[in-house]
Engineer: 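Here it is, the structure, as structure tokens.
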Amino acid sequence: MTSLLYITLFALTLAGSVYTQLTDIDAPYPVKVTTDLGATVTLPCRLPGSSHSFFGVGIRVKWTKVEEDEALNEDVLLSMGFHKMTYGSFEDRVHLQELDSEDASLVITDVSMDDTGKYRCEIINGMMDTVQEVELEVRAGLLDGVVFPYFPPLGRYSFNFDEATQACLDQDATVATSDQLFEEWKSGLDWCNAGWLHDGTVQYPITKPREPCGGANSIAGVRNYGKRDKYLSRFDVFCYSPILTGRFYWLTQPNSLTFDEAVQACIDDGAEIAKVGHMFAAWKLEGYDRCDAGWLADGSVRYPISRPRKNCSPTEAAVRFVGFPDKQQKLFGVYCYKADP
């Protein structure tokens, strides 16, 4: 049975390369589809209405992400009957809509900024083959920033209000407002530790009620402790980072680095070691995804996952926190930030 499957999948791959001369160009100008970051989008592709063809064992569908240099094209999906293959960054994120026998539309889930571009749909039936193209534009959405929880190496509930304000500034961020936290809660932020907000209140957002966070029978919402003594009371803080004006990136290095080596490596690359606010903004607003733990400027080690998968935040998209390790450890890489000129 396994051998039969391998043979079928091999035939699928060959099908994508054999049929290079297609006879029917249905859409000389690509259809344009616009969607928001993180959404699910459908790229339309259908057989011509007059073809009277139906998807069956002999019908092959190939979706490709097209680049200006065709040698750099990226395979997205190949389908033949019940057998389907997805590729690369699209694996487990794409499927055919198949609402009826003439529908070869592609559904993409968890859309990232990297998904922006031109896609080609090829329906191959050996008689009258079809090519259609779709332009996908991904917007960062209505949010022009991101709210994130923050606490220092000392541990949770360590900031008075002034210290919390400075901590956010140190991350190229500001203390979030109540409205900003509420909007982030609506988009899914769930955090069970209370933090300072700009108006001096202390709140925390819960989307999944549970015992340690107000009780399993409580309703989802933003819990509000009210205003607290700005000098004596100690909590975490919710920071707000705006959309990036520079480039956040993983710096490829031959070896793992200590913290000081990480700082110098970014400087040598004409950048600075990235801050926590940079990582959250790149993750939430640009769909940045990397399953490598790296140093950040505050001495923490984190990594951003926008496409959950095994061994990389398997249950949710998140910025994963490794901790504040000994800065002399040579176990991690580094994330850098290069501001626009």
Side-chain angles (χ1 to χ4, degrees), residues 35-39 110-113 138-152 156-209 213-214 218-230 233-246 248 274-288 296-298 300 302 304-306 313 316-321 337 339:
T35 192
D36 292 325
L37 180 67
D110 297 325
V111 171
S112 72
M113 298 303 293
V138 181
R139 303 171 302 199
L142 299 177
L143 292 174
D144 58 0
V146 58
V147 174
F148 62 94
Y150 187 76
F151 60 90
R156 299 191 184 278
Y157 291 2
S158 298
F159 292 133
N160 65 27
F161 182 78
D162 289 342
E163 292 166 343
T165 300
Q166 186 59 52
C168 289
L169 291 174
D170 290 343
Q171 302 311 315
D172 273 7
T174 58
V175 180
T177 67
S178 295
D179 287 343
Q180 288 167 342
L181 181 63
F182 182 71
E183 289 300 315
E184 199 69 48
W185 167 76
K186 289 197 299 184
S187 70
L189 180 61
D190 182 284
W191 193 254
C192 196
N193 293 89
W196 291 104
L197 293 178
H198 185 266
D199 60 0
T201 62
V202 174
Q203 305 182 35
Y204 64 100
I206 295 297
T207 60
K208 304 168 187 173
C213 306
S218 62
I219 63 172
V222 178
R223 313 274 195 259
N224 192 337
Y225 286 3
K227 290 194 174 184
R228 294 303 175 103
D229 187 303
K230 290 185 176 181
S233 297
R234 297 200 168 262
F235 296 96
D236 295 347
V237 64
F238 289 98
C239 301
Y240 175 81
S241 182
I243 193 167
L244 297 178
T245 57
F248 172 87
K275 299 177 179 178
V276 177
H278 298 151
M279 177 174 282
F280 270 94
W283 164 72
K284 184 65 179 287
L285 304 176
E286 299 178 2
Y288 195 94
L296 294 177
D298 66 340
S300 67
R302 309 173 195 247
I305 298 297
S306 60
S313 187
E316 62 178 349
V319 171
R320 308 307 299 183
F321 175 68
Y337 180 73

Engineer: Could you go step by step and tell me if Leu244 and Leu285 meet the side chain to side chain contact (heavy atoms under 4.5 Å, CB included) rule?
Structural biologist: CA-CA 9 Å; Leu244 297 178; Leu285 304 176; over 6 Å; no
Engineer: In terms of relative ring orientation, are Phe159 and Tyr150 parallel, tilted or perpendicular, with 30° and 60° separating the classes?
Structural biologist: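 Rings of Phe159 and Tyr150: parallel, as their planes differ by under 30°.
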Engineer: In Å and rounded to the nearest 0.5 Å, what is the CD1 to CH2 distance from Ile305 to Trp283?
Structural biologist: 10.5 Å
Engineer: Taking side chain to side chain contact (heavy atoms under 4.5 Å, CB included) as the criterion, tell me which of Pro205, Cys213, Ser218 meets it with Arg223.
Structural biologist: Ser218
Engineer: For side chain to side chain donor-acceptor pair (under 3.5 Å), just list the numbers for Ser178 and Gln203, CA-CA rounded to whole Å, side-chain angles, deciding distance to a tenth of an Å, and then say yes or no.
Structural biologist: CA-CA 8 Å; Ser178 295; Gln203 305 182 35; 3.2 Å; yes
Engineer: Will you find, in the side chains of Tyr337 and Asp172, an N or O donor that is under 3.5 Å from an N or O acceptor?
Structural biologist: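 No - no donor-acceptor pair under 3.5 Å links their side chains.
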Engineer: Between Ala281 and Pro242, which heavy-atom pair has the shortest distance, and what is it?
Structural biologist: CB-O, 3.7 Å
Engineer: When you measure from the side chain of Asp190 to the backbone N and O of Lys208, does any donor-acceptor pair fall under 3.5 Å?
Structural biologist: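 Pair found, side chain donor or acceptor close to backbone of Lys208.
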Engineer: Donor-acceptor pair, Glu184 side chain versus Leu189 backbone, under 3.5 Å?
Structural biologist: no
Engineer: Can you tell me how far CZ of Phe248 sits from NE2 of His278, rounded to the nearest 0.5 angstrom?
Structural biologist: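 These two atoms lie 9.0 Å from each other.
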Engineer: Taking all non-hydrogen atoms of both residues into account, name the closest pair between Pro209 and Ile219 and its distance.
Structural biologist: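 So the minimum-distance heavy-atom pair works out to CG-C, 3.8 Å.
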Engineer: Minimum heavy-atom separation for Pro304 to Tyr288, with atom names?
Structural biologist: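 Result for this residue pair: CG-CD2, 3.6 Å.
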Engineer: Hey, what do you get for CG (Asn160) to CG (Asp162), rounding to the nearest 0.5 Å?
Structural biologist: 5.5 Å
Engineer: Rounded to the nearest 0.5 Å, what's the gap from CZ on Phe235 to CG on Asn193? Could you check?
Structural biologist: 11.0 Å
Engineer: Considering all heavy atoms of both residues, which atom of Val147 and which atom of Gln180 are nearest to each other, and what is their separation?
Structural biologist: CG2-O, 3.6 Å
Engineer: Does the ring-ring contact (aromatic ring centres under 6.0 Å, His included) test come out yes or no for Trp191 and Tyr204, once each step is laid out?
Structural biologist: CA-CA 6 Å; Trp191 193 254; Tyr204 64 100; over 10 Å; no
Engineer: Show your reasoning for whether side chain to side chain donor-acceptor pair (under 3.5 Å) applies to Asp170 and Gln166.
Structural biologist: CA-CA 6 Å; Asp170 290 343; Gln166 186 59 52; 2.8 Å; yes
Engineer: What is the minimum heavy-atom distance between His198 and Phe161, and which atoms define it?
Structural biologist: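 Heavy atoms of His198 and Phe161 come nearest at O-CZ, 3.7 Å.
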Engineer: If you apply the rule side chain to side chain donor-acceptor pair (under 3.5 Å), what do you find for Asp179 with Thr177, and how did you get there?
Structural biologist: CA-CA 5 Å; Asp179 287 343; Thr177 67; 5.3 Å; no
